[in-house]
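Have a look at the structure below before the remarks.
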Protein chains: 2
Amino acid sequence: MRRAESLREVLENDIVTGTYPAGTRLDEVMLATRFNVSRTPIREALIELSGAGLVEIRPRRGAFVREIGITRLIEMFEVMADLEAMCGRLAARRIRVEELAGLEQAHEACIHAKADGDPDAYFHANQAFHEAIYKASHNSFLEEQALLLQNRLKVYRRLQLRVPNRISGSLSEHGQIVEAIKAGDSQRAAEALRQHVLIQGERFNDFVASVAGHVKSGSSRS
Amino acid sequence: MRRAESLREVLENDIVTGTYPAGTRLDEVMLATRFNVSRTPIREALIELSGAGLVEIRPRRGAFVREIGITRLIEMFEVMADLEAMCGRLAARRIRVEELAGLEQAHEACIHAKADGDPDAYFHANQAFHEAIYKASHNSFLEEQALLLQNRLKVYRRLQLRVPNRISGSLSEHGQIVEAIKAGDSQRAAEALRQHVLIQGERFNDFVASVAGHVKSGSSRS
DNA sequence: GAAATTGCTCTTGTATACAAAGATCGTTGA
DNA sequence: TCAACGATCTTTGTATACAAGAGCAATTTC
């Protein structure tokens, strides 16, 4: 693998997990010394990240972790909801028996994670659940797009799990989604998924509004 | 503007218009001499293009114009149909009077282009028509995604206009779309747009199948 | 004292140099 | 004659060097 590509992965992770919060200037020499490489692979990694929308390159000014306004975030959730709805619609028609088994397993894993009271485990189990649906759409391009956008929204979805009772709600929605897909009801699967994702965007909106006065933007220290 | 960025635009255009057909190896030194620059900005442009999905970079092997198989193409049209449907659904609810006027104007332009028997003009008018709908969705992220995918499919959509009577069909579908949006019927607008785009994918499939035995893949000489 | 301009410095963007990994072609052996 | 191995040669990936634009500060002028 190219050095630039592995660097992209590390940087992507650092951005998504909040190590480099939105607005941070990503100095090339700083990163170069951090990773013990020259500026060249760093630049290439930053360009890749800008293509993925995680970083904004302002010519002659440098690279910055992209600031995503609340409006744009809601727009992204709106699109995510539609992509997931599409996955659900196709999955209801195209899912195979072994994939359905996998989906139900993922659902079970979510239930257990909630029972254990482990939000981190729930986050990952939830992700696996959704990815199972992407895959079951049997549209690899759609799957890629969904994964891409999911990744860009990861940090916000994670934040979103802090909303009280959200996990319970999420879980019962998962149940309905599984039922619809199992029944081959594409319309119902699509709508259930759309609402499931849309509600995240809305709740997130509430969440942001409720903490807007308390915490400074960017510094999300727990 | 950075040199790399302008190079990306030129290369993107060359790929989309078929100057560099699918599978072509994009030699860095060849491009560097062509544009009278060093390899550095060329490499950066290629990386950007790989992010956009137009170019595939195989490590230590070079950059190639991405080959899009018929299966993947159909998948992309399937996603495009859904994105456009979403644009239509939102546009039906959110379009403003001046935007509606613009949409109707774009529709008129399509009609005139057909009357003039100018397929090239129709192609551009058609594009403007669709872009008007993207914009009217009032979801700038969705608009960007739709434009991106539209661009990636451009060369195939263009080919698609050669199908007999396609323009007439396309035009009447446009009429129905405008009606639905005008009426604020989001469901009908979405469905009309989905079918309008899906039919392109299907017709394209037919088209490819019908010429598969006659022309060699890649060399699309008229 | 404030504002504007000029010069310096810091950082990005591009060119070039170097290293390493593939590809190609020839040679040798079976 | 064909296949396999090896050397060379091409090409990518990374490092370094150089150029040029942007920001900042200090000084000068009004």
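Proteins get letters first, then strands, A, B, ... in listed order; numbering begins at 1 in each. Worth knowing before you read on, the calculation uses all heavy atoms, side chains too, and leaves out hydrogens, waters and symmetry mates.
For DNA chain C, the neighbouring residues in residues 2-15 of chain B, judged by any heavy atom under 4.0 Å, are B:R2, B:R3, B:A4. Residues from residues 33-45 of chain A lying near DNA chain C, meaning a heavy-atom separation below 4.0 Å, are A:R39, A:R43 in numerical order.
The closest side-chain heavy-atom distance from A:E56 to A:R58 is below 4.5 Å.
Both cation-pi conditions hold for B:R158 and B:F123: the charged atom is under 6.0 angstrom from the six-membered ring centre and inside a 45 degree cone around its axis.
Between the A:T19 side chain and the A:I15 main chain, no donor and acceptor come within less than 3.5 Å of each other. Side-chain atoms of A:R3 never come within 3.5 Å of backbone atoms of A:P41 as a donor-acceptor pair (strictly under, hydrogens ignored).
In this structure, B:L26 places its CG atom 17 Å from C1' of D:dG13, rounding to the nearest Å. For B:I57 and D:dT14, the CD1 to P distance is 11 Å, given to the nearest whole Å. Atom pair B:M1:CE and C:dT12:P shows a separation of 20 Å (rounding to whole Å applied).
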Report, one pair per line, the protein and nucleotides 5-11 of chain C atoms (nitrogen or oxygen only) whose separation is under 3.5 Å.
unit_1: C:dT11; atom_1: O3'; unit_2: A:R25; atom_2: NH2; d: 2.9

Salt bridge (charged side-chain N to carboxylate O under 4.0 Å, His left out) assessment of A:R89 paired with A:E84: CA-CA 8 Å; A:R89 181 161 48 79; A:E84 296 235 13; over 6 Å; no
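For the residue pair A:E99 and A:H138, a side-chain donor N or O sits within less than 3.5 Å of a side-chain acceptor on the partner.
A salt bridge between B:E144 and A:R72 is present, with a side-chain N of the basic residue lying under 4.0 Å from a carboxylate O of the acidic one. A salt bridge links A:R34 to A:D14: one of the charged nitrogens lies within less than 4.0 Å of a carboxylate oxygen. Taking the charged nitrogens against the carboxylate oxygens, A:D27 and A:R25 do have a contact shorter than 4.0 Å, which makes a salt bridge.
Taking the six-membered ring for Trp and thresholds of 30 and 60 degrees, B:H107 and B:H174 have ring planes inclined between 30 and 60 degrees apart.
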